Trainee: 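Shown below is the structure under consideration.
Remember, it's a predicted structure, so these values are computed and weren't measured experimentally. When a ligand or atom number is given, it counts from 1 through the structure's own listing order.
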Amino acid sequence: MAPAKIVIIGGGFAGVECARYLERRVRPDEAFIQLVSPDAGLLYLPLLPQVASGTLNPRSVSVSLRRVLRRTEIVPGMVIGVDHDTRRVVVRRSPGRELALDYDHLVLAPGSITRVLDVPGLQEHGFGMKTLPEAMYLRDHVLRQLDVAALRGGLQEDRERLNFVTIGAGYAGTETAAVLNKVCKAAAERFFPEIEAGMVRWHLVTHGDRIMPELGERLGAEAKRILAERGIELIVGTSAAEVTANGVKLTNGRFIPSRTVLWTAGVTPSPLAAHLGAETVKGRIVAEADLSVPGLEGVWAMGDAAAVPDVAEGDDKVCAPTAQHAMRQGRHMGKNLLATLRGGRPEPYRHPDLGMVVDLGGRDALARPLGIGLRGVPAQFVARGYHLMALRTAVARARVAFDWTVHGLSGDDFLRIGYGDYKTHTIGGFEQSGCYLRADEVPRVLKGLGDPD
Ligand SMILES: Cc1cc2nc3c(=O)[nH]c(=O)nc-3n(C[C@H](O)[C@H](O)[C@H](O)COP(=O)(O)OP(=O)(O)OC[C@H]3O[C@@H](n4cnc5c(N)ncnc54)[C@H](O)[C@@H]3O)c2cc1C
């Protein structure tokens, strides 16, 4: 018999863990495994705020797929369509360059994207925090506001530039606001005497009244205390009504002048989830507890893109979109595929919540491993230990540990790469070849600038 063809869509936590499990347990004559991913690395999203803060280098948080997976065929591209009748998927490698893959088993793990609500101006002026370029762009942009505000700028302009707003107080938004606030304050103190620390204002906006509800009451209150101590204003019970180039209007009517509005108010499943004709709930593909998709034989779903019953929590609950579930579902998926290939029965996924870790920068961390609340250095120890364990290669672990050590010893140089200065990702955009004035424009522009200070 020819080996079964298993196609995994998505090289994130769930997809990679599944392929890794299969590689170790399934014989080559049992299955041929392909994994489709637009990127060559598994992006370790929980450490993304630390890329934005400059604590970690971008390359350190992307784990090479080719280093983790030896036998799986990695297919670079995006799956843009699935035809379950013929059991084929369409992969787009680049526009106009598509290829088809056949499958016997299709594993859907395309994750989620930022949930952009219908808020006027958000698409044009908001910043996201879901990809490596976004994290790097945000860091650059924030440091640029300090650079420009320190050089000159009227009072109003400085206030706009030095006001930063994060909408959404889950772990992504809270961690990012906390660490970038710290970066701004440290940069102002060390390199920009013109900027008083009090001029830098971070605001964290949430529609509820809690931050990171997963932390529980006590640690959530502790997180609030740390943010307040650092001068981050928590604005509860509201959200963004409109975002403009110069600020954000909240639904409670308040306007915050700002050039930086970070939007982290939730995620929504990959649009691919809606393409299959499978039932969805809040956009997530409905899966059985054994991760199979009902009505589509040979199709399986997991991770952020799937609504998997949370058997450990109760009948009506679905698993939260977390890395913890995605990794464990990936491994469980591997087990169930192996059982199915060998004529066995797939088992329901069951995983009790092991808690969470939050790094707010410096020594301020919070952790709730197995329900035990920790704060400060012990929490940071647990948080960092957990991340090192969860990174899948020794090289990735070494890179992250090295970055933490160097950053801990030498601090930040607050360097910008220059991303924020580019308008587009074309050659002309990156090389800024279109930014020069024509000779006849120079006198007019100089006249408009007035006399030098
Ligand atoms: C800033 C941030 C911080 C976070 N912190 C934590 C935390 O501390 N703890 C925690 O548990 N969780 C955290 N999360 C959530 C966690 O990262 C996600 O729940 C987890 O990544 C979900 O895993 P996944 O495999 O479903 O999706 P992902 O890890 O997102 O992987 C999806 C993969 O599919 C690929 N893909 C998408 N569409 C297609 C397509 N059409 N074709 C092919 N490939 C496709 C993507 O490129 C990606 O590689 C955080 C998330 C963010 C954004």
Side-chain angles (χ1 to χ4, degrees), residues 7-19 34-53 61-63 65 74-82 89-93 101 106-115 128-132 134-135 138 166 168 170-177 179 212 214-215 262-276 284-285 301-308 319-331 333 351 353-360 365-368 383 386-387 390:
V7 172
I8 301 170
I9 304 177
F13 284 95
V16 169
E17 208 58 17
C18 174
Q34 290 176 304
L35 182 140
V36 189
S37 172
D39 306 312
L42 184 175
L43 179 57
Y44 192 93
L45 284 163
L47 289 177
L48 211 51
Q50 296 194 33
V51 172
S53 73
V61 300
S62 186
V63 184
L65 294 182
I74 293 160
V75 183
M78 289 287 278
V79 171
I80 56 167
V82 179
V89 299
V90 183
V91 181
R92 171 166 288 169
R93 287 181 289 177
L101 300 178
L106 181 66
V107 178
L108 297 154
S112 54
I113 56 173
T114 300
R115 181 167 52 118
M129 189 59 179
K130 196 77 176 69
T131 63
L132 211 41
E134 280 172 321
L138 179 66
T166 301
Y171 32 71
T174 308
E175 281 189 337
T176 308
V179 293
M212 299 182 287
E214 308 88 339
L215 272 183
L262 173 63
W263 178 260
T264 56
V267 293
T268 190
S270 152
L272 189 65
H275 280 233
L276 298 157
R284 297 172 96 185
I285 303 160
M302 59 180 175
D304 282 11
V308 176
C319 295
T322 63
Q324 194 186 129
H325 275 303
M327 284 176 87
R328 282 174 177 80
Q329 285 174 5
R331 224 170 301 150
M333 178 75 79
H351 169 66
D353 181 23
L354 295 181
M356 70 178 295
V357 294
V358 176
D359 195 332
L360 298 173
L366 299 165
R368 197 173 49 78
Y386 175 81
H387 291 314

Trainee: Record the part of Tyr171 in heavy-atom contact with ligand 1 below 4.0 Å; permitted values are side chain, backbone, both and neither.
Mentor: side chain
Trainee: Provide, to 0.1 Å, the distance between atom 41 (N) of ligand 1 and the closest protein heavy atom, together with that atom's residue and name.
Mentor: Val79 O, 3.0 Å
Trainee: Would you indicate whether the side-chain heavy atoms of Val358 and Thr174 approach each other to under 4.5 Å?
Mentor: no
Trainee: Enumerate the atoms of ligand 1 whose separation from the nearest heavy atom of Lys130 is less than 4.0 angstrom.
Mentor: 53 (C)
Trainee: Just how far is it from atom CG of Asp353 to atom OG1 of Thr322, taken to the nearest 0.5 Å?
Mentor: 7.5 Å
Trainee: Could you list the atoms of ligand 1 found under 4.0 angstrom from a heavy atom of Met129?
Mentor: 1 (C), 53 (C)
Trainee: Suppose we measure from atom 24 (P) of ligand 1 to each protein heavy atom; which comes out shortest, and what is that distance?
Mentor: Ala326 CB, 4.0 Å
Trainee: Suppose we measure from atom 34 (O) of ligand 1 to each protein heavy atom; which comes out shortest, and what is that distance?
Mentor: Gly10 CA, 3.2 Å
Trainee: May I ask you to identify the nearest protein heavy atom to atom 9 (N) of ligand 1, giving residue, atom name and distance to one decimal place in Å?
Mentor: Pro46 CG, 4.2 Å
Trainee: I need the minimum non-hydrogen distance between Thr264 and Met129, along with the two atoms involved.
Mentor: CG2-CB, 3.9 Å
Trainee: Can you check which of Asp359, Ile80, Asp304 brings a heavy atom nearest to atom 26 (O) of ligand 1?
Mentor: Asp304
Trainee: I need the nearest protein heavy-atom contact for atom 21 (O) of ligand 1: residue, atom name and distance, please.
Mentor: Phe13 CD1, 3.1 Å
Trainee: Testing the basics here: between Ile113 and Pro271, what is the closest heavy-atom pair and its distance to 0.1 Å?
Mentor: CD1-CD, 3.8 Å
Trainee: Who's the nearest protein heavy-atom neighbour of atom 30 (O) of ligand 1, and how far?
Mentor: Leu45 CD1, 3.9 Å
Trainee: Looking at ligand 1, is there an atom of it that comes within less than 4.0 Å of some heavy atom belonging to Gln324?
Mentor: yes
Trainee: Closest non-hydrogen protein atom to atom 31 (O) of ligand 1, residue and atom name please, with distance?
Mentor: Gly12 CA, 3.1 Å
Trainee: Looking at Glu17 and Arg331, would you say the former's side chain and the latter's main chain have a donor-acceptor pair under 3.5 Å?
Mentor: no
Trainee: Relative to the heavy atoms of Ala172, which atoms of ligand 1 are at a distance of less than 4.0 Å?
Mentor: 1 (C), 2 (C)
Trainee: Which atom pair, heavy atoms only, marks the closest approach of Leu43 to Phe13?
Mentor: O-CE1, 3.8 Å
Trainee: Looking just at side-chain N and O atoms, do Gln329 and His351 make a donor-acceptor pair shorter than 3.5 Å?
Mentor: no
Trainee: In the protein, what heavy atom is nearest to atom 10 (C) of ligand 1, and what distance, to one decimal place, separates them?
Mentor: Ala323 N, 3.4 Å
Trainee: Do Leu65 and Asp39 have side chains that approach each other closer than 4.5 Å (heavy atoms only, starting at C-beta)?
Mentor: no
Trainee: Using a 3.5 Å distance criterion without hydrogens, assess whether the side chain of Arg93 forms a donor-acceptor pair with backbone atoms of Pro76.
Mentor: no
Trainee: Within the 4.0 Å heavy-atom shell around Gly303, which atoms of ligand 1 are there?
Mentor: 26 (O)
Trainee: Below 4.0 angstrom from a heavy atom of Ala14, which ligand 1 atoms are there? Numbered from 1 as shown, please.
Mentor: 25 (O)
Trainee: Between Asp39 and ligand 1, find which residue part has any heavy-atom pair under 4.0 Å and reply side chain, backbone, both or neither.
Mentor: side chain
Trainee: Which option wins on minimum heavy-atom distance to atom 46 (C) of ligand 1: Gly77, Pro110, Gly41, Gly111?
Mentor: Pro110
Trainee: Do any nitrogen or oxygen atoms of Ala305 come within less than 3.5 Å of a nitrogen or oxygen of ligand 1?
Mentor: no
Trainee: Tell me the closest heavy-atom pair linking Ala305 and Pro269, and the distance in Å.
Mentor: CA-CB, 4.1 Å
Trainee: What residue among Leu108, Val82, Leu101 forms side-chain contact (heavy atoms from CB on, under 4.5 Å) with Val7?
Mentor: Leu101
Trainee: Counting only heavy atoms, which portion of Pro321 has something under 4.0 Å from ligand 1: side chain, backbone, both, or neither?
Mentor: backbone
Trainee: Which atoms of ligand 1 have any heavy atom of Val36 under 4.0 Å away?
Mentor: 43 (C), 44 (N)
Trainee: In terms of atom number and element, which parts of ligand 1 are under 4.0 angstrom from non-hydrogen atoms of Gly11?
Mentor: 33 (C), 34 (O), 49 (O)
Trainee: Mark yes or no for whether Trp263, through its side chain, and Gly168, through its backbone, hold a donor-acceptor pair below 3.5 Å.
Mentor: no
Trainee: Can you name the atoms of ligand 1, numbered from 1 with element, that are less than 4.0 Å from a heavy atom of Ala109?
Mentor: 32 (C), 33 (C), 34 (O)
Trainee: Do the side chain of Gln324 and the main chain of Leu354 share a donor and acceptor less than 3.5 angstrom apart?
Mentor: yes
Trainee: Would Pro38 count as a contact of ligand 1 if the rule is a heavy atom under 4.0 Å away?
Mentor: yes
Trainee: Give the intermediate values and the outcome of side-chain contact (heavy atoms from CB on, under 4.5 Å) for residues Gln50 and Val179.
Mentor: CA-CA 7 Å; Gln50 296 194 33; Val179 293; 5.5 Å; no
Trainee: What I'd like to find out is whether the side chain of Val107 reaches to under 4.5 Å of the side chain of Met302, using heavy atoms alone.
Mentor: yes
Trainee: Does Ser112 reach ligand 1 with a nitrogen or oxygen that is under 3.5 Å from one of the ligand's nitrogen or oxygen atoms?
Mentor: no
